[in-house]
Structure formats: structure tokens, C-alpha cells
Amino acid sequence: MFLALLFRRCRPAVLLVLLALAVVPATAQRPRNAATTYPLPPDRTTRVTLRQPTPERLRGFRQQREFQYVEVKSEQSSWDLFWARFWHWLSELLETRPGKLMWEYGIYAGLVVALVFVVLKLLQIDFTRAFGRSPRPAALAYDVQAEDIHGLDFDALLTAAETEGNYRLAVRLGYLHVLKQLADRSLIRWQPDKTNHDYLFELPAGPLPEAFRELTRQFDYVWYGEHDDLTPAHYAQARATRLAFQQLLSTGRRAA
């Protein structure tokens with residue numbers, strides 16, 4: 001009975017709703033995109049004419065600033081661009097997880113290497129012996145500290161050093177032989193505490209100083225550069241320079 005009473009009271013409102021739905025046009029209920037279901041047919045009757053601008057109009061366009069496309073070149077050099085791209089690539093790499101791990105452990109590895117380097121330097125350990133092949137020991141019982149150019153048999157010592165392949169020692173012996181020859185001719189005053197450049201300033205003017213300068217340069221490079229791996233070809237060049245100086249010295253003495 002309650003439902004019947006409710007329907008009786010609401011019947012006028014229900015009738016009004018049904019009447020409004022009946023008078024709504026069918027086009028109002030059409031979806032918004034229903035127009036796309038029926039596209040318009042293409043227009044095949046109108047003829048399209050392609051119009052070309054006149055040369056004067058094109059020339060006017062070219063003179064306008066808005067149509068002047070200029071390619072702007074970078075003011076950086078190729079070297080600067082290379083480093084810019086490298087640092088950009090490196091920054092992107094370090095942003096990744098493997099890059100962060102590599103950077104973190106790389107710092108630790110660098111610190112360890114630096115610490116090992118400092119320790120080896122403090123202990124005065126030769127790096128060529130620690131991490132590479134050790135230099136070939138001299139086959140001759142020759143003491144550099146106790147050498148006296150006036151008491152050495154240079155011919156025998158040079159022959160023995162060249163036979164043993166100790167070219168570094170052979171270069172030193174040849175240079176000392178030259179010093180002895182200069183001292184014997186009173187061109188220099190030999191003393192153990194003098195430097196090679198001191199002897200250079202003692203030589204008289206002429207071709208000897210320049211030739212002695214080149215001979216000294218080669219000796220310093222081989223001996224103080226610790227070139228124990230001097231090749232036979234390189235030693236032949238140094239030997240030729242020494243023999244040329246000795247020939248010049250002998251020629252100058254005969255001329256005097």
C-alpha cells in the first residue's frame with residue numbers, strides 16, 4: 001500500500017519527464033563525433049592553378065631581413081669543441097650507476113698508487129727494477145768514482161766495453177778520452193770537480209767549442225739519462241761524433 005500511495009502522489013512528475021523525453025529531437029542525441037562518420041566527398045570539379053611568384057617579388061623577399069637565413073658558425077676552435085664534447089660525454093657517463101662506481105673506486109685506486117709511489121721514492125727503490133726489466137749490469141769491473149783520466153788505458157777499456165755491448169760505458173770512456181787529449185794539449189785544465197761546461201769555456205775560439213758542445217750534449221743524454229738500452233746504431237752515431245772531434249783536434253794541432 002505504501003508503494004501505491006507513493007506512485008499516486010508522484011504520477012504527475014513522472015508524466016512530465018516522459019513527455020520531455022518524447023519531444024527531444026533525435027539529432028540532439030547524436031554523438032558529437034557523428035559528423036566524422038559521413039565525410040564530405042572531395043571536390044574534383046574545381047581546377048587548381050599553381051601560381052609562381054614573379055622574379056621581382058622573389059628578389060624583394062631575398063632583400064628582406066626576415067628571409068635571410070645565415071648559418072651561425074661557432075666561435076670555438078675544433079680543439080675546444082672536442083674537449084666540450086668530451087666533458088659532456090664524461091658528465092653523462094658519471095651520472096649512470098656504473099660511472100658513479102668507476103669514479104668512486106677510481107679515486108681510491110689513484111690514492112693507493114700515489115701512496116705506493118711516495119713510499120718507493122722514500123725508500124729510493126729503482127722503478128725499472130721494481131716494475132720492469134732491470135738494466136743490464138756492466139760487465140766490466142769499472143769504478144766511476146775512482147777514475148783518473150791520466151791513469152786509464154782507454155784503448156783497452158773501450159774495446160772491452162764495445163765487445164761486451166756496454167755502450168753506455170763506452171760513451172763515457174770515449175768522452176773521458178777526449179778530455180785527456182784536451183788536457184794533454186793544454187787546452188783545458190782537468191780537475192775531477194769541474195763540470196763539462198767549465199771545460200767548454202776554457203777552449204780557445206775556433207771550431208772546437210761548437211764540436212765539443214755537441215759531443216757533451218750526447219754524453220749528458222746517454223750517461224745522465226741512464227740509457228742502458230742504447231742500441232748499436234745509436235752508439236755508432238755517438239762514436240762517429242767522438243771520432244770526428246778527435247780528428248778535428250788532431251788536424252788543429254798539426255796546423256798549429
Side-chain angles (χ1 to χ4, degrees), residues 77-79 117 120-122 124-256:
S77 62
S78 301
W79 185 251
F117 177 81
L120 292 178
K121 275 294 186 181
L122 293 176
Q124 296 182 353
I125 297 178
D126 189 2
F127 287 92
T128 58
R129 297 177 182 273
F131 299 103
R133 62 174 188 174
S134 58
R136 181 170 45 191
L140 303 177
Y142 181 80
D143 187 5
V144 177
Q145 301 297 330
E147 61 189 3
D148 181 8
I149 62 174
H150 297 289
L152 297 177
D153 186 358
F154 286 105
D155 293 334
L157 291 175
L158 270 172
T159 302
E162 292 173 350
T163 303
E164 295 292 337
N166 194 343
Y167 299 124
R168 179 170 176 250
L169 180 59
V171 170
R172 179 178 180 84
L173 290 171
Y175 188 79
L176 293 178
H177 192 195
V178 169
L179 293 181
K180 180 179 183 301
Q181 291 175 333
L182 292 174
D184 292 342
R185 290 166 172 78
S186 300
L187 296 176
I188 63 172
R189 296 182 60 186
W190 181 82
Q191 293 180 1
D193 56 345
K194 279 187 177 181
T195 65
N196 299 328
H197 294 279
D198 292 335
Y199 298 129
L200 177 63
F201 293 115
E202 294 181 10
L203 292 176
L208 287 180
E210 189 61 30
F212 185 75
R213 187 191 307 275
E214 176 62 21
L215 185 65
T216 302
R217 187 188 66 83
Q218 292 185 4
F219 167 72
D220 291 341
Y221 178 78
V222 173
W223 184 256
Y224 296 108
E226 298 182 358
H227 286 276
D228 294 290
D229 54 349
L230 200 65
T231 63
H234 291 160
Y235 173 70
Q237 296 178 3
R239 184 174 181 273
T241 303
R242 173 175 59 84
L243 293 178
F245 181 84
Q246 291 174 330
Q247 181 66 27
L248 180 63
L249 183 62
S250 177
T251 304
R253 182 183 180 185
R254 288 198 300 268

Determine whether [X] and [Y] make a side-chain contact, defined as any pair of heavy atoms from C-beta on separated by less than 4.5 Å.
{"X": "Gln247", "Y": "Thr251", "value": "yes"}
{"X": "Leu179", "Y": "Phe212", "value": "yes"}
{"X": "Leu182", "Y": "Phe245", "value": "yes"}

- Task: Report the residues that fulfil side-chain contact (heavy atoms from CB on, under 4.5 Å) with Pro207, sequence neighbours left out, ordered by chain and then residue number.
- Result: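 Here the qualifying residues are Leu248.
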- Task: Sequence neighbours left out, what passes side-chain contact (heavy atoms from CB on, under 4.5 Å) with Ala183? Give chain and number order.
- Result: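 Ala183 satisfies side-chain contact (heavy atoms from CB on, under 4.5 Å) with His150, Ile188, Trp190 only.
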- Task: Would you check if there is a donor-acceptor pair between the side chains of Tyr175 and Thr216 at a distance under 3.5 Å?
- Result: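 There is such a pair (donor and acceptor under 3.5 Å, judged by atom type) between the side chains of Thr216 and Tyr175.
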[atom2] on [Y] to [atom1] on [X], rounded to 0.5 Å:
{"X": "Gln237", "Y": "Thr241", "atom1": "CD", "atom2": "OG1", "value": "7.5 Å"}
{"X": "Arg172", "Y": "Asn166", "atom1": "CZ", "atom2": "CG", "value": "12.0 Å"}
{"X": "Phe154", "Y": "Ile149", "atom1": "CZ", "atom2": "CD1", "value": "6.0 Å"}

So, for [X] and [Y], which heavy atoms are closest and what is the spacing to 0.1 Å?
{"X": "Leu169", "Y": "Trp223", "result": "CA-CZ3, 4.2 Å"}
{"X": "Pro209", "Y": "Leu200", "result": "O-CD1, 3.3 Å"}
{"X": "Gln181", "Y": "Leu249", "result": "CB-CD2, 3.8 Å"}
{"X": "Ala170", "Y": "Leu158", "result": "O-CD2, 3.3 Å"}

- Message: Against Glu202, only a single residue in Arg189, His197, Lys194 fulfils side-chain hydrogen bond (donor to acceptor under 3.5 Å, both in side chains); can you say which?
- Response: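 Filter result, single survivor: Lys194.
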- Task: Any salt bridge (Lys or Arg N to Asp or Glu O under 4.0 Å) involving residues 234-244? Give me the pairs, sequence neighbours left out, ordered by first then second residue.
- Result: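 Qualifying pairs: Glu162-Arg239.
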- Residue pairs passing the salt bridge (Lys or Arg N to Asp or Glu O under 4.0 Å) test where at least one lies in residues 150-160, sequence neighbours excluded: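 Every candidate salt bridge (Lys or Arg N to Asp or Glu O under 4.0 Å) pair involving residues 150-160 fails, so no pair, neighbours aside, qualifies.
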- Task: Give a yes or no answer on whether the side chain of Ser250 reaches the backbone of Gln246 with a donor-acceptor pair at less than 3.5 Å.
- Result: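 No, the answer is negative, given that no donor and acceptor are paired below the 3.5 Å cut-off.
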- Query: Who are the side chain to side chain donor-acceptor pair (under 3.5 Å) partners of Glu214, not counting sequence neighbours?
  - Reply: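 In terms of side chain to side chain donor-acceptor pair (under 3.5 Å), with neighbours along the sequence ignored, Glu214 is linked to Arg217, Gln218.
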- Contacts of type salt bridge (Lys or Arg N to Asp or Glu O under 4.0 Å), residue Asp184, not counting sequence neighbours: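 For Asp184, the residues satisfying salt bridge (Lys or Arg N to Asp or Glu O under 4.0 Å) (neighbours in sequence not counted) are Lys180.
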